[in-house]
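To start, the structure under review is shown below, and the notes come after it.
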There are 2 protein chains.
Amino acid sequence: MSDAEDAGHRRAGRPLETVLTKPRITAAALRLIGATGYASFTMSGLARSLGVAPSALYNHAASKQVVLQWLQDHVMTMVDVAGFGAERWDTALRRWAWSYRDIFATHVPLISIVAVLPVTGAPQTLRMYETVAAGLAAAGVPSAQIVPSIVALESFIFGSAFDVTAPADIFETGALAQSSPIFSAAVGHGHENTEKSRADVAFEFGLEALVDRIDGLRRP
Amino acid sequence: MSDAEDAGHRRAGRPLETVLTKPRITAAALRLIGATGYASFTMSGLARSLGVAPSALYNHAASKQVVLQWLQDHVMTMVDVAGFGAERWDTALRRWAWSYRDIFATHVPLISIVAVLPVTGAPQTLRMYETVAAGLAAAGVPSAQIVPSIVALESFIFGSAFDVTAPADIFETGALAQSSPIFSAAVGHGHENTEKSRADVAFEFGLEALVDRIDGLRRP
DNA sequence: ACCTGAACACCGTTCAAGT
DNA sequence: ACCTGAACACCGTTCAAGT
């Protein structure tokens, strides 16, 4: 659908040879970031990967920020919302939340963009919100409580996505252990559980707290 | 204490005239960011505010990232932990959480730093963790549950800090309202509550969910 | 309408030279 | 030990000139 809207201005009968469309730029950016990460993602690099001069990009995207906005909205389509309407509401919600966290843990720099970009500029993001909202409404969550529920979940998900990228020993107090005995002992207890990562344990704890609260909002 | 440790290498009897100490650089950075924001915060600007050449900073901080790490740890001392030991555990926890969110809402670029910086490099941050951990332990939260509780709260707080900076109309669907009827209706209900912001309503909802869960962990 | 190549106004950081 | 000034290797972005 975005392919059509982007190429819509070309004349009928004229062969399609334009490389620089919004979906193609987005796809190239996603590929490039997947290969080398966000730190080395530059407009020059993006242009090179598309076989074009850097300045050519500015005929299609007003700024690098806009390219990242396109990418953010595209990444949202990768979040798993298939549970809604197919599974129990809470199973669908957990599936969505875990998938959402995992995807943004690999796209952390996009978090600051989703968090402040109006939904009118991100149609796929709005689509996701609609699916989740419909799932909550069908479960009996009152309309007035849907936005606070989604925002609270999303805030927790974004913060947890950061946490996934933290080093495993982030809480090791080392030489400072004497000055923080209670916290250091608590960190020590964490080493007993080896099957699940520290980030996963905390995410599960918080997610269940939120799901439980949302459960309490439901009306028959 | 950091004043002493930083100036500790100077000889006794030699007058203190050095401007570029860790606490002074940190204070200057905080002042500069308070005045003009993170977007325009540069090493050149920081050097200018200290009356020094940009390259002089590199005799004290290895990189701009290090300056931001110092700043992050300093900002942590501004978080309100005074409730612990003085108020009921849950009152203290709420007070801490709201203050933590508010401070990082004005220092959003520091979030990605706290989230991944080992505590050994951030003594004030560790101090805060110790105070919160002690508060939870005194409330009866088992040692093994303290880290997941703090991490879940912190993740929620970081995500919520982003949310505070979002424009008020971020969820207004506008022309796309037809394609998202349930979500748009839910957003409409939000306008009824005018005394509290959307971000505050969601933060309160999520925070109470987490506090409640932590309450359930307590043992006598 | 859209591309190229050169240029601009920055960045953070390094380093020889000073004291 | 620590500062200056010049330089380096980049950035994102603009714009005249082409087709």
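Note that these values count all heavy atoms, side chains included, but never hydrogens, waters or copies made by symmetry.
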Between side-chain atoms of residues 72-79 of chain B and protein atoms elsewhere (two or more places apart, or another chain), which donor-acceptor pairs fall under 3.5 Å?
from, atom 1, to, atom 2, distance (Å)
B/Gln72, NE2, B/Thr125, OG1, 3.0
B/Asp73, OD1, B/Gln124, N, 3.1
B/Asp73, OD1, B/Thr125, N, 2.8
B/Asp73, OD1, B/Thr125, OG1, 2.8
B/Asp73, OD2, B/Gln124, N, 3.1
B/Thr77, OG1, B/His74, O, 2.6

Under 3.5 Å donor-acceptor pairs involving side-chain atoms of residues 110-118 of chain B, not counting sequence neighbours:
none

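When rounded to the nearest whole Å, the span between CD of A/Gln65 and C1' of D/dT13 equals 14 Å. With rounding to whole Å, A/Met43 atom CE is found 16 Å from D/dC10 atom C1'. Between the CG atom of B/Leu20 and the C1' atom of D/dC2 there is a distance of 9 Å, rounded to whole Å. Atoms CZ (A/Phe41) and P (D/dC11) sit 12 Å apart, rounded to a whole Å.
The salt bridge (charged side-chain N to carboxylate O under 4.0 Å, His left out) analysis of residues 174-192 of chain B, with sequence neighbours excluded, yields no pairs. Applying the salt bridge (charged side-chain N to carboxylate O under 4.0 Å, His left out) definition to pairs two or more places apart or across chains, those involving residues 98-126 of chain B are B/Arg101-B/Asp200.
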Report, one pair per line, the protein and nucleotides 17-19 of chain C atoms (nitrogen or oxygen only) whose separation is under 3.5 Å.
none

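Aromatic ring centroids of B/Phe158 and B/Phe162 lie 6.0 Å or more apart.
For B/Phe171, the ring pair (Phe, Tyr, Trp, His ring centres under 6.0 Å) test picks out A/Tyr129, B/Phe183, with sequence neighbours left out. Checked against ring pair (Phe, Tyr, Trp, His ring centres under 6.0 Å), A/His107 has the following partners two or more places apart in sequence or in another chain: A/Tyr38. Legend: residues meeting ring pair (Phe, Tyr, Trp, His ring centres under 6.0 Å) with A/Phe156, ordered by chain and number and at least two apart, are A/Phe203. For the side-chain hydrogen bond (donor to acceptor under 3.5 Å, both in side chains) test, residues two or more places apart in sequence or in another chain that qualify with B/Asp80 are B/Arg95. With sequence neighbours excluded, no residue forms a side-chain hydrogen bond (donor to acceptor under 3.5 Å, both in side chains) with B/Ser155.
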request  = Any chance you could encode DNA chain D as dot-bracket? Rule is Watson-Crick or G-U wobble with both distances under 3.5 Å; [ ] for pairs crossing earlier ones, | for another strand.
outcome  = ||.|||||...|||||.||
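DNA chain D lies under 4.0 Å from at least one heavy atom of each of the following residues of residues 44-60 of chain B: B/Val52, B/Ala53, B/Ser55, B/Ala56, B/Asn59, B/His60.
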